[in-house]
J.: 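Can you keep this structure in mind? I'll have questions shortly.
Since we're looking at a predicted model, the values are computed, not measured.
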Amino acid sequence: MEFKKPDVRQFFQTYGIQTFDVSPDESQLTFSTNLNGKYNLWAMDLPNTFPYPLTFHNQSTGSLQYNKNGNFLILESDQDGDENTQLYAIPTKGGELKLVRTSEGHRHISSFISNDGKKVYYTSTKEDQTYLKSYLYDLENDTEEVILEGEGAPTFLIEKSPKEESLVYKKLFANTSQLAYAVKDGEHIRLTPETEEQHTIGGLTYASETDLYFTTTYHADFSYLAKFNLEKKEFSKVTGLDQVSFTDVKYDQSLNSLYIVGEKGVKDSLYRYDLENGTLEELDIPVSVILQLKVAESGNVYLMGVSATVPHNIYKLSDGKWESLTNYGVPGVAKEEMVDPEVVAYPSFDGTEIEAMFFRAKPENDNGHVILWPHGGPQAAERQTFRALFQFLIYQGYSIFTPNFRGSTGYGLKFTKVIEGDWGYGPRLDNVEGLEWLIKNGYANRDKILLMGGSYGGYMALLLHGRHPEYFKAVVDIFGVSNLFSFVKSVPDFWKPIMKQWVGDPVEDKDKFTEDSPITYLDTMTRPMLVIQGAKDPRVVKAESDQVVEALEKQGTDIKYIVLDDEGHGFSKKENEIKVYEEVLEFFEQYV
């Protein structure tokens, strides 16, 4: 019997997982997933893995935590992608969400529950939208106190000690400049020594009341594992690996060990570090990229991860073996029918080596066209993660090229910092040189290249369209920045302190802003365009897309504009995701 090839709806009936937590006794796993087409909390009674719904609010969950007794959860959830997360509680059997902390138009983030389950720590924009404040809320008495006031930079709580005798918070001066402090007995103790060099703080965990372990780039290009002793107020480097960035760390009290996530280019690795004998052991993992890691008191490890051909899934490591607790895949499409990327590298205009992934369409499907995908961020990277859009387009015959241009993470702090104040020169030419490399090496034909990107990738798609239209047949911009002058004014208030280092100053750098703003090059944006925007996007507001669409319509450019009224900076509803990507396919098919 013969069946039709999978269509777009099969690829996009692929479920996602946003976050998860495991009850203290490991009898229940709760996770945010879109099994009903919209994100809700679902649970499984372990060891059984049949899921059942806990909520029906149809909204995304930013973080999730059980209390110590395992009888309720605290979660952060927003409304239609507006990112104004409020705090809710729900019993572990599910039901109606109970508001815990809410303030219209503000965010409540970085929440965690006290050991006795009676109080909630959290950070919020409600009284200081720029630098933020952190609070301790008493659930029983409905009282609250400010425990930390941000000053000089956006300030977030990140961890508490086992007995809650100290707290750690982070100050974010830039994506590449962060400091962490412990508060103990009213004293604020910096965790890295004084230095003029900017550096970062990544994952952090307490191994005791006095010993903290964290990842940092203090005096280093790639992040490593460091220790701080609160009693001695002493910082020390513990261990690191050449060309690998340690990004997260979790303590395992059962083995007195640390689990460390390592990042190198497009893939992750996982290590166990024995605190007794100082040995570092690499572990096999069932995924290419680790998105979340938890260690239970028993020593069992729970991991959420993803690979290029396998969507989000949750796994459990017990007795040295990984068990898949979820089994998400693409309905009706075998893993073998999808495509893993080739990891390639090429020299850019100034000799800088750029790593990229090339998803090559299978010969029986190949239509000869290549889509250039500049990633979002920009201080992020395209990694070996599952994108339903990618795999569907590849299955339809398109190959996809994803360069990790300068500014990307995973290649050292110096490489990431290069994009600061230079959004539109070096990264743009890295993309152009990538296209030339593709053509020279037979990966692409010069007259069969398409362009698509989202967020910063949308900005780069607009800029490449305006400055290098000769390369492209058609362009898709998904919530991209069109005007740096308006962008730096419209971002959330707690982003604004970092904008000068990240993007630049619109007065001091007026000429650079003009040169690097896509809207400067409207006259040469002559290729057909599809523009997609979430009406509630707080990061790249709708006005960014409105202004470029209106200007291009006036000059007669062939352009289609889709606005999603119930989405923000991404797609949280399956029906919207399907609608958008069907439009993308239909749009590209006109030019093949």
Side-chain angles (χ1 to χ4, degrees), residues 172-178 197-200 202 217 220-223 245 247 263-266 345-357 372-383 401-435 451 453-468 477 479-485 487-488 491 495-506 508-518 520-521 539-540 544 569:
L172 181 68
F173 297 94
N175 292 332
T176 57
S177 178
Q178 303 156 22
E197 294 181 14
Q198 292 189 349
H199 57 279
T200 59
T217 53
D221 194 21
F222 289 82
S223 54
S245 287
T247 58
E263 175 188 64
K264 184 175 183 179
V266 299
Y346 63 90
S348 192
F349 65 97
D350 59 356
T352 300
E353 183 176 271
I354 305 297
E355 187 173 71
M357 292 186 294
L372 171 65
W373 171 271
H375 66 71
Q379 288 170 320
E382 193 62 42
R383 314 192 71 218
F401 182 64
T402 65
N404 280 335
F405 43 81
R406 68 193 66 203
S408 301
T409 52
Y411 305 93
L413 184 65
K414 293 176 183 176
F415 190 85
T416 304
K417 289 184 72 66
V418 173
I419 202 170
E420 293 174 345
D422 179 25
W423 274 35
Y425 180 73
R428 170 175 56 85
L429 294 182
D430 289 343
N431 280 280
V432 171
E433 289 297 322
L435 292 176
L451 174 60
S455 194
Y456 176 88
Y459 158 84
M460 184 53 65
L462 290 170
L463 189 62
L464 287 167
H465 184 191
R467 301 204 66 173
H468 307 277
D477 158 36
F479 35 80
V481 174
S482 67
N483 185 335
L484 295 182
F485 290 97
F487 170 65
V488 297
V491 297
W495 283 28
K496 290 179 180 176
I498 76 170
M499 297 307 286
K500 184 171 184 178
Q501 176 168 327
W502 197 30
V503 187
D505 183 275
E508 296 175 10
D509 305 311
K510 182 180 178 182
D511 290 345
K512 181 67 171 166
F513 268 49
T514 302
E515 179 184 354
D516 289 348
S517 288
T520 302
Y521 306 98
R539 306 185 192 190
V540 180
E544 286 298 308
H569 199 68

J.: Where does the angle between the aromatic ring planes of F349 and Y425 fall among parallel (under 30°), tilted (30 to 60°) and perpendicular (over 60°)?
T.: perpendicular

J.: Does the T402 side chain pair with the main chain of W373, one donor and one acceptor, at a distance under 3.5 Å?
T.: no

J.: Work out which heavy atom in H375 is nearest to a heavy atom in P403; give both atom names and the distance.
T.: CD2-O, 3.6 Å

J.: Working to the nearest 0.5 angstrom, can you tell me the gap between L435 CG and L372 CG?
T.: 5.0 Å

J.: Flag the pair K500 and D509 as a salt bridge only when some basic side-chain nitrogen lies within less than 4.0 angstrom of an acidic carboxylate oxygen.
T.: no

J.: Identify the heavy atoms of G480 and L462 that sit nearest to each other, and give their distance.
T.: O-CD1, 4.3 Å

J.: The criterion is ring-ring contact (aromatic ring centres under 6.0 Å, His included); which residues satisfy it with W423, sequence neighbours excluded?
T.: Y456, Y459, F487, W502

J.: Can you name the nearest heavy-atom pair linking A220 to L413, along with the distance?
T.: O-CD2, 4.3 Å

J.: Ignoring hydrogens, what is the shortest heavy-atom contact between Y346 and A356? Give both atom names and the distance.
T.: CE2-CB, 4.2 Å

J.: Quiz question: by atom type and distance under 3.5 Å, do the side chains of Q379 and T176 form a donor-acceptor pair?
T.: no

J.: Can you name the side-chain hydrogen bond (donor to acceptor under 3.5 Å, both in side chains) partners of T200, sequence neighbours left out?
T.: T217

J.: Under the side chain to side chain contact (heavy atoms under 4.5 Å, CB included) criterion, do H569 and V540 qualify, and how do the steps go?
T.: CA-CA 7 Å; H569 199 68; V540 180; 3.7 Å; yes

J.: Is K264 atom NZ crowded by more than 12 heavy atoms from other residues, nucleotides or ligands, each under 6.0 Å away?
T.: no

J.: Once rounded to the nearest 0.5 Å, what's the spacing between atom NE2 of H199 and atom OG of S223?
T.: 12.0 Å

J.: State which residues pass side-chain hydrogen bond (donor to acceptor under 3.5 Å, both in side chains) with D511; sequence neighbours excluded, sorted by chain then number.
T.: none

J.: For F222, give me all partners under ring-ring contact (aromatic ring centres under 6.0 Å, His included), at least two apart in sequence or on another chain.
T.: none

J.: Keeping S177 on the side-chain end and A174 on the backbone end, is there a donor-acceptor pair under 3.5 Å?
T.: no

J.: Between P374 and N431, what is the shortest heavy-atom contact and its length?
T.: CB-OD1, 3.9 Å

J.: Do P506 and L484 have side chains that approach each other closer than 4.5 Å (heavy atoms only, starting at C-beta)?
T.: no

J.: Using ring-ring contact (aromatic ring centres under 6.0 Å, His included) as the criterion, list what pairs up with H468, not counting sequence neighbours.
T.: none

J.: Would you compute the distance between atom CZ of R467 and atom CE of M460 and round it to the nearest 0.5 angstrom?
T.: 10.5 Å

J.: Does the S408 side chain pair with the main chain of F405, one donor and one acceptor, at a distance under 3.5 Å?
T.: yes

J.: Does the E544 side chain pair with the main chain of S482, one donor and one acceptor, at a distance under 3.5 Å?
T.: yes

J.: Could you grab the distance from atom CG of L463 to atom CG of D477, nearest 0.5 Å is fine?
T.: 11.5 Å

J.: Is S455 close to F479 at the side-chain level, that is, under 4.5 Å between some pair of heavy atoms?
T.: yes

J.: Is a side-chain N or O of R406 found less than 3.5 angstrom from the main chain of T416, in a donor-acceptor match?
T.: no

J.: Give the minimum heavy-atom separation between I354 and S348, together with the two atoms involved.
T.: CG1-CB, 4.0 Å

J.: With sequence neighbours left out, write down each residue that passes ring-ring contact (aromatic ring centres under 6.0 Å, His included) with Y411, or none if nothing qualifies.
T.: F415

J.: I'd like to know if K414 pairs up with D221 as an ion pair, taking the criterion as any Lys NZ or Arg NE/NH1/NH2 lying under 4.0 Å from an Asp or Glu carboxylate oxygen.
T.: no

J.: Do the side chains of Y521 and H465 get nearer than 4.5 Å, heavy atoms only?
T.: no

J.: Distance check, rounded to the nearest 0.5 Å: N483 atom CG versus D516 atom CG?
T.: 11.5 Å

J.: Rounded at 0.5 Å granularity, tell me how far CG in N404 sits from OG1 in T409.
T.: 7.5 Å

J.: Do K417 and Q501 touch side chain to side chain, with heavy atoms closer than 4.5 Å?
T.: yes

